[in-house]
Peer 1: 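Mind looking over this structure? Questions follow.
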Amino acid sequence: MTIREIYKNSEQFLNKEVKLGGWIRSIRGSKHFGFLVLHDGTFFKPIQVVYEEKLANFQEISKMNVGAAVIVEGILVPTPQAKQPFEIQATSVTLEGASAPDYPLQKKRHSLEYLRTISHLRPRTNTFQAVFRIRSMAAYAIHQFFQERGFVYVHTPLITASDCEGAGEMFQVTTLDLNNIPKDKEEKVDFTQDFFGKPTNLTVSGQLNAETFAQAFRNTYTFGPTFRAENSNTARHAAEFWMIEPEMAFADLKDDMEVAEAMLKYVISYVMENAPEEMDFLNQFVDKGLKDRLNHVLNAEFGHVTYTEAVEILEKHNDEFEYKVSWGTDLQTEHERYLTEEVFKRPVFVTDYPKEIKAFYMKLNQDGKTVAAMDCLVPGIGEIIGGSQREDDYDLLRKRMEEVGLDEENYQFYLDLRKYGSTHHSGFGLGFERCVMYLTGISNIRDAIPFPRTVNNCEL
Ligand code: 4AD
Ligand code: MG
């Protein structure tokens, strides 16, 4: 039996015997009776347990510490005047595993920074119970969104020889003896001796492989971990993060944005509907505007602006920015947030970026200068989605690959897709941690993933 079952079907359990395993969140006793608050992890709310001196081990219970694992048996009785609708009058409380008195999670609010130092224990706190249940739920909702629409889920490889984004931010994978790797830059590492016979790395994106499935199944998506050795120590960059990447044949940039908007709205309403206790808690203790903001998003149409228009808007405010904007510069977080928070006040798609600041695979527009790209920016975070229509012309793609200096050998399969039944097609990548931040109001990516990996941090 679980606390979730009891809350969901309390009628069925009231005034009957119940049995629960859980952990003590708080305990206070007096001479003749005491209360302990029990969480079992299955539901956001706890259940209060009353234990009285008639229990044979009353003294032992009174000495139990916060964090101890116990098995409680008793009668579930209604408590109409109290904060919780019912409590358990214990007939027995058995210790399953004691908790040492130095248990770090005492009944007080701990800072998120402190909790990061104990990431093995933080899932036991209210905040992380809420964040990580919502994370789990959001993953389910995203699968459901795509599965309901007939998309095929493809598992793309984590080890690869390509660099999808062309940013050179890869973690290398090697079995070569690091002690024998030449320190001198002139002398080359002999990768023919390596496991795969050539240099390989952890993937930065599953897109290129997903495209092969789109040209076979039409609508496909990946949802897996990706890795970037970006040396940026910010609240929204992680070295290991999860990405959702749909890829659709016979879809243009407009179709791409429609799917992105529908998906975000779907996951927001799924979480608001299915995690009301968690959302109330986050709205009260983490981000007071959270629920209003998300409700607003559900009822608003996302904004649309081209990169060129966005630059015109931003240039007028250059004196407010650390990095000045002009046509051709990449937008920084401060610019993205200005657009979505000050100008549009809702999520906004920025489209048609200069080709020089975007990846090689994006479709060149008629103007020859911009590509059919879209970034979705949201208030509080900035970029949450990056996507594009893909270059489907063999010659143009090859030319672009040459310009950016890609080794054609590793991308032959990708060129082949343009040779055998090429279609116009599009896709995007949603950063899952940024999505979790958006859904929970959590402001640091380190608190949106169970075990964060960032520069100089790989604990647990
Ligand atoms: O814009 P990005 O680099 O796009 C791609 O990787 C494409 N291949 C996606 C596609 O079209 N299939 O990354 C997509 C999203 C970003 O918008 C951001 O939300 C997230 O991934 N992201 C990160 N999240 C956390 N930490 C990082 N270092 C991230 N880098 C990108
Ligand atoms: Mg991007």
Side-chain angles (χ1 to χ4, degrees), residues 138 142 146 151 154 156 160 162-171 202-214 219-248 251 253 255-257 259-260 263-264 267 307 330-333 335-336 340 347-351 353-354 357-363 371-378 380-391 414 425-439 442 444-449 452-455 457:
I142 287 167
F146 287 115
F151 282 59
V154 52
T156 49
T160 170
S162 58
D163 174 13
C164 176
E165 294 309 298
E169 290 166 336
M170 294 99 73
F171 287 101
L202 295 177
T203 191
V204 297
S205 157
Q207 177 195 324
L208 303 186
N209 295 80
E211 280 187 49
T212 70
F213 262 50
N219 290 331
T220 182
Y221 71 106
T222 72
F223 188 165
T226 50
F227 309 86
R228 294 194 189 179
E230 265 169 296
N231 202 358
S232 37
N233 201 355
T234 77
R236 34 168 244 156
H237 286 92
E240 179 178 298
F241 63 97
W242 288 62
M243 191 156 44
I244 294 97
E245 295 182 277
E247 194 66 38
M248 298 160 284
L253 190 67
D255 301 321
D256 205 26
M257 290 188 281
V259 173
M263 178 199 64
L264 280 178
V267 60
Y307 168 88
D330 206 357
L331 301 185
Q332 305 292 327
T333 307
H335 311 127
E336 293 175 347
T340 183
V348 57
F349 289 106
V350 181
T351 60
Y353 286 75
I357 57 172
K358 286 293 183 190
F360 75 96
Y361 52 72
M362 295 191 181
K363 188 171 178 60
V371 286
M374 62 93 159
D375 275 6
C376 180
L377 317 179
V378 298
I381 298 174
E383 181 191 340
I384 189 169
I385 288 175
S388 68
Q389 187 166 338
R390 318 307 191 189
E391 186 56 77
Y414 196 66
H425 65 289
S426 302
F428 63 82
L430 166 69
F432 189 49
E433 285 68 27
R434 291 192 191 171
C435 176
V436 171
M437 290 166 73
Y438 190 48
L439 294 169
I442 279 289
N444 194 310
I445 199 165
R446 292 165 181 79
D447 302 323
I449 185 166
R453 272 89 180 89
T454 51
V455 184
N457 172 39

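As the structure lists them, so they are numbered: ligands from 1, and atoms in each ligand from 1. Quick note: numbers below take in every heavy atom, side chains included, and nothing from hydrogens, waters or symmetry partners.
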Peer 1: Counting non-hydrogen protein atoms only, what is the nearest one to atom 15 (C) of ligand 1? Give residue, atom name and distance.
Peer 2: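 The closest heavy atom on the protein side is Gly429 O, 3.6 Å.
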
Peer 1: For the residue pair Tyr221 and Phe146, categorise the inter-ring angle as parallel (less than 30°), tilted (30 to 60°) or perpendicular (more than 60°).
Peer 2: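 Ring orientation of Tyr221 relative to Phe146: parallel.
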
Peer 1: Return the closest protein heavy atom for atom 17 (O) of ligand 1 as residue, atom name and distance.
Peer 2: Glu383 OE2, 2.6 Å

Peer 1: Looking at non-hydrogen atoms alone, which of Arg228, Arg236, Glu245, Gln389 comes nearest to atom 6 (O) of ligand 1?
Peer 2: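 Nearest option to atom 6 (O) of ligand 1, by heavy atoms: Arg228.
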
Peer 1: Establish, from distance only, whether the side-chain atoms of Gln207 and Tyr361 form a donor-acceptor pair under 3.5 Å.
Peer 2: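 Looking only at side-chain atoms, Tyr361 and Gln207 do form a donor-acceptor pair, the distance falling under 3.5 Å.
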
Peer 1: Compare all side-chain heavy atoms of Glu240 with those of Phe171 and state whether any distance is below 4.5 angstrom.
Peer 2: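 Counting from C-beta outward, Glu240 and Phe171 never come under 4.5 Å.
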
Peer 1: Can you check whether Arg434 reaches Ile385 side chain to side chain, under 4.5 Å on heavy atoms?
Peer 2: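 Contact flag for Arg434/Ile385 side chains = no.
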
Peer 1: Could you check if a side-chain atom of Ile442 sits within less than 4.5 angstrom of a side-chain atom of Val436, using non-hydrogen atoms only?
Peer 2: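 Ile442 does not reach Val436 side chain to side chain.
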
Peer 1: Compute the minimum heavy-atom distance from Tyr361 to ligand 1 and say whether it is under 4.0 Å.
Peer 2: yes

Peer 1: Examine all N, O or S atoms of Asp375, backbone included, and report whether one is under 2.8 Å from the Mg ion (ligand 2).
Peer 2: no

Peer 1: Is Phe428 touching ligand 1 with its side chain, its backbone, both, or neither, if touching means heavy atoms under 4.0 Å apart?
Peer 2: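 For Phe428, only backbone atoms sit under 4.0 Å from ligand 1.
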
Peer 1: Give the atoms of ligand 1, by number and element, whose distance to some non-hydrogen atom of Gly386 is under 4.0 Å.
Peer 2: 1 (O), 9 (C), 10 (C), 11 (O), 17 (O)

Peer 1: Do me a favour and list the nearest non-hydrogen protein atom to atom 26 (N) of ligand 1 with residue, atom name and distance?
Peer 2: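 The answer is Ala238 N, 2.9 Å.
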
Peer 1: Going through the distances and angles, do Arg390 and Lys363 end up as a side-chain contact (heavy atoms from CB on, under 4.5 Å)?
Peer 2: CA-CA 5 Å; Arg390 318 307 191 189; Lys363 188 171 178 60; 5.9 Å; no

Peer 1: Could you check atom 21 (O) of ligand 1 against the protein and tell me its nearest heavy-atom contact, residue, atom and distance included?
Peer 2: Met243 SD, 3.5 Å

Peer 1: Which protein non-hydrogen atom lies closest to atom 18 (C) of ligand 1, naming both residue and atom, and how far is it?
Peer 2: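 The closest heavy atom on the protein side is Arg434 NH1, 3.5 Å.
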
Peer 1: Tell me, please: is Arg390 in heavy-atom contact with ligand 1, that is, under 4.0 Å?
Peer 2: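 Yes, that is the case, since the closest heavy atom of the residue is under 4.0 Å from the ligand.
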
Peer 1: Would you name the N/O/S atom of Glu383 that lies closest to the Mg ion (ligand 2)?
Peer 2: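 It is OE2, the N, O or S atom of Glu383 closest to the Mg ion (ligand 2).
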
Peer 1: Do Thr203 and Thr156 make a side-chain contact, defined as non-hydrogen atoms from C-beta onward lying under 4.5 Å apart?
Peer 2: no

Peer 1: Could you list the atoms of ligand 1 found under 4.0 angstrom from a heavy atom of Ser205?
Peer 2: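 Near Ser205, meaning under 4.0 Å from one of its heavy atoms, ligand 1 has 6 (O), 8 (N).
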
Peer 1: Which residue and non-hydrogen atom of the protein lie closest to atom 5 (C) of ligand 1, and at what distance in Å?
Peer 2: Glu165 OE2, 3.3 Å

Peer 1: For atom 19 (O) of ligand 1, which candidate among Ile384, Thr222, Asp375 provides the closest heavy atom?
Peer 2: Ile384

Peer 1: Look at atom 20 (C) of ligand 1 and say which protein heavy atom is nearest, naming residue and atom and giving the distance to 0.1 Å.
Peer 2: Gly431 CA, 3.6 Å

Peer 1: Quick one: are Trp242 and Glu433 in side-chain contact, heavy atoms under 4.5 Å?
Peer 2: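 Yes, side chains in contact.
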
Peer 1: Quick one: are Phe213 and Glu247 in side-chain contact, heavy atoms under 4.5 Å?
Peer 2: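 Sidechains of Glu247 and Phe213: no contact.
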
Peer 1: Which atoms of ligand 1 are found less than 4.0 Å from any heavy atom of Ile385?
Peer 2: 17 (O)

Peer 1: When Thr234 is tested against each of Glu230, Arg236, His237 for side chain to side chain donor-acceptor pair (under 3.5 Å), which residue passes?
Peer 2: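 The passing option is His237.
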
Peer 1: Should the proximity of Arg453 to ligand 1, defined as any heavy atom under 4.0 Å, be assigned to the side chain, the backbone, both, or neither?
Peer 2: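 Arg453 to ligand 1: no contact under 4.0 Å from either part.
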
Peer 1: Decide yes or no on side-chain contact (heavy atoms from CB on, under 4.5 Å) for Val259 and Ser426, but give the supporting numbers first.
Peer 2: CA-CA 10 Å; Val259 173; Ser426 302; over 6 Å; no

Peer 1: If you measure from each non-hydrogen atom of Ile445 to ligand 1, which part falls under 4.0 Å: side chain, backbone, both or neither?
Peer 2: side chain

Peer 1: Looking at Tyr353, Tyr307, Phe349, which hits side chain to side chain contact (heavy atoms under 4.5 Å, CB included) with Asp375?
Peer 2: Tyr353

Peer 1: For atom 28 (N) of ligand 1, which protein heavy atom lies nearest, and how many Å away is it?
Peer 2: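 Here the closest protein heavy atom is Glu230 OE1, 2.7 Å.
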
